[in-house]
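Take a look at the structure below.
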Amino acid sequence: MQAWHFTEMPYPDLPPSDQMSTMRVSLSNKYYDPKIGADLYNRYLDEYMIADDLGLDLMVNEHHQTATCIDTCAPLSAAILARQTSKGRILILGNPVSNRGDPVRIAEEMAMIDNISRGRLEVGFVRGVPYEVFASNCNPTETVERMWEGIDLALAAWRTVDEPFNFEGKFTHRRQINLWPTPYQRPYPPVWITGSSDYEAISRAASRGFTFATFLQPHETVKKLFDCYRANYVDCGQPGGGGVGFLPLVYTADTESEAEAGMKELLWYMTAKTEPQFRNPPGYVGVDLNVKALQGAFSGRTDAMRSKGLEFQRDQGVIMYGTPDQVAEQVKRFYGLVGGFDHLLMMQQAGHLDHARTVKSMTLFAKEVFPQIKDLARTKPTKVLAAAE
Amino acid sequence: MTAGAIRRDFITVLDMKVEVERMGKGKPVLVLSGEEQLEQASAALADLAKDHELIFVSPPGFGRSERPDWISGPEDLSFILMDVLSALNLGPVPVIGFSLGGWLIAEIATKDDRFFSKLVFVNSYGVKIGGPFDRDINDIWTTHADKVAKWKWHDVEKGKRDFPSMAEDDLKIVARNVESTARFCWQPYMHNPKLTKRIHRIKTPSLFVWGENDGITPVTYGRAYSQLIAGSKFAAIPNAGHFPHIEQPEAFLKSVRSFLA
């Protein structure tokens with residue numbers, strides 16, 4: 001089991017929640033103070049360096065136009081960590097290749113970070129959550145097609161070539177692709193993909209030997225997603241050898257009540273408001289799901305989930321908190337419920353959770369929880385086909 | 001439906017099935033519906049169908065027409081619709097285009113003047129009038145649905161639809177129409193930046209009918225659009241938003257009937 005520290009780098013100093021209709025896309029940036037922002041960026045990067053010292057791996061991501069995440073460029077934060085840390089693996093989960101476009105540029109940046117870190121980079125590709133299309137103006141009906149074309153091109157670009165090659169796809173055209181630098185890892189860094197409901201994408205990722213991760217889903221859903229991955233996995237000789245990851249909110253403390261208080265701070269992330277028009281842009285999900293939405297199937301579902309409280313969410317595995325032994329127990333239970341997993345991606349900081357309390361939780365996790373779960377066996381795909389077969 | 005049954009048919013062009021529906025009897029009038037396809041059920045068109053044969057063509061992705069992935073925008077739709085019109089062999093006929101349908105009229109008429117004898121644009125998208133920082137057409141996709149409804153309707157009560165009680169097949173069309181609109185009109189948002197450099201080619205008699213209280217394509221946009229076609233007429237319909245034919249059928253019919261006569 002690998003354990004990864006993660007924060008979305010939130011900017012929590014906002015007006016009271018009841019005075020805001022949204023924290024994403026259209027929240028006025030007059031509420032952003034660069035002096036506070038500068039302190040936050042440096043603090044969050046310090047916490048990643050502490051995580052590295054503690055023996056944890058490091059995961060970063062990016063979002064746009066949102067107070068929940070001011071890391072707007074994961075390659076930048078990964079590049080800083082590549083230079084300022086020395087041990088931990090660095091995972092970008094991920095590059096929003098559809099929204100960003102320019103997969104060759106992404107491949108170049110990843111190769112550079114992989115060189116600077118001497119092969120510690122893991123490269124995720126994500127479709128991007130619905131509200132992201134508004135910042136990028138990517139057509140929401142095309143994000144899946146764009147993502148796969150972009151991944152295919154990035155993987156091709158990472159390979160060494162005797163001479164430049166051209167690419168004339170639907171969304172990207174390049175004449176002379178010939179990366180300088182190439183990645184440090186051969187043929188390229190481990191590739192990750194995320195998902196929460198799109199089984200076709202999961203089997204597609206599995207059949208290419210990518211690592212698969214899902215975030216904040218209840219354990220029954222996670223089991224189904226992981227089963228789908230394992231049933232479709234093909235060993236394509238990827239560094240890392242594939243595997244599955246799960247992201248819960250995690251808070252570890254000396255006492256359960258202290259842990260509960262810490263978890264309540266982290267849950268700021270789950271209560272972040274988004275205006276309804278940003279939640280389901282047209283064509284982001286298929287016609288059948290939108291028919292169900294028109295029939296009223298999803299109204300109030302999120303509120304219902306929230307109202308069930310901490311214990312319910314802990315039971316689902318979406319949040320893990322308590323004393324070190326309790327957290328270790330929760331990880332092991334989840335491992336059993338989902339048929340095993342390989343990467344615990346931990347959002348250990350969110351909202352107003354301050355530096356001291358974040359570091360205390362991270363430290364307790366690294367010193368007292370991680371040793372208890374470190375040796376949980378790597379998962380085995382249900383059928384392993386060599387790429388050559 | 002006062003004008004009687006819809007006669008539905010499919011025509012195949014470029015290996016895709018395109019839906020063609022007919023309503024009423026009399027001189028043919030082609031109708032290119034808006035992206036929500038509310039027109040067939042409107043009292044105004046039912047009235048027009050009393051003495052016209054209304055021919056509705058659903059562009060790929062709308063209604064029951066197929067939508068291959070290669071189609072990316074209204075310009076593609078216009079070429080496909082020209083193939084459909086050639087196959088239907090209607091001769092020059094009057095056309096009424098609502099909203100996105102009006103944009104499609106402009107795309108077709110700038111390319112080929114053989115299909116239409118008269119053009120009626122109703123609260124249509126299609127051109128870019130202002131500069132990069134001007135929002136000519138208000139953004140239905142970044143705005144709360146309640147506010148969008150107020151933009152669309154002078155009287156929002158008229159726009160309310162009871163989705164949960166609709167048949168699943170009809171809801172599929174509703175959802176697919178929304179998806180196709182985004183697929184074709186997301187960027188550039190609801191316009192073709194080249195259209196203002198082509199629209200002078202349109203010499204066919206044109207009428208613009210515009211709901212005065214439209215908050216999506218405001219009446220100032222409609223007037224500027226109409227001025228790009230020499231000799232076009234403009235009829236502003238008071239107490240109506242984006243759907244003047246639904247909110248003010250009598251005023252709408254008065255303008256359209258006198259133009260078609």
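Sequence lines set the chain letters: A, B, ... in the order given, protein chains first and strands last, and positions in each chain run from 1.
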* Atom CD in B:Q187, atom OG in A:S136: separation rounded to 0.5 Å? -> 8.5 Å
* Asked: Is it the case that more than 12 heavy atoms not belonging to A:R159 sit under 6.0 Å from its CZ atom?
  -> no
* To do: Would you mind telling me which of A:G286, A:G296, A:P281, A:C138 has the largest number of heavy-atom pairs within less than 4.5 Å of chain B?
  => A:C138
* Asked: Based on non-hydrogen pairs under 4.5 Å, which of A:L289, A:N137, A:D288, A:V291 is most in contact with chain B?
  -> A:N137
* To do: Look at atom CZ of B:R135 and say whether more than 12 heavy atoms of other residues, nucleotides or ligands are closer to it than 6.0 Å.
  => yes
* **Under 4.5 Å from a heavy atom of chain A, the part of B:T143 involved** => backbone
* Asked: Between B:V174 and A:L294, is a side-chain contact (heavy atoms from CB on, under 4.5 Å) present by the stated rule, with each step listed?
  -> CA-CA 9 Å; B:V174 170; A:L294 288 168; 3.9 Å; yes
* To do: Using atom types as modelled and distance alone, determine if a side-chain donor or acceptor of A:Q277 lies under 3.5 Å from a backbone N or O of B:W141.
  => no
* Do other residues, nucleotides or ligands put more than 12 heavy atoms under 6.0 Å from B:K111 NZ? -> yes
* To do: Look at atom NZ of B:K194 and say whether more than 12 heavy atoms of other residues, nucleotides or ligands are closer to it than 6.0 Å.
  => no
* Asked: So which heavy atom on A:V287 is nearest to which on B:E179, and how close?
  -> CG2-OE1, 3.6 Å
* **Side chain / backbone / both / neither for B:D69 at chain A, heavy atoms under 4.5 Å** => both
* Asked: What do you reckon, is NZ of B:K147 surrounded by more than 12 foreign heavy atoms closer than 6.0 Å?
  -> no
* **Closest approach of B:W186 to A:V133 (non-hydrogen atoms, all atoms of both residues)** => CZ2-CG2, 4.0 Å
* Leading residue by heavy atom contact count with chain A [cutoff under 4.5 Å; candidates B:S180, B:S165, B:P164] -> B:P164
* A:R279 atom CZ, neighbour heavy-atom count above 12 within 6.0 Å -> yes
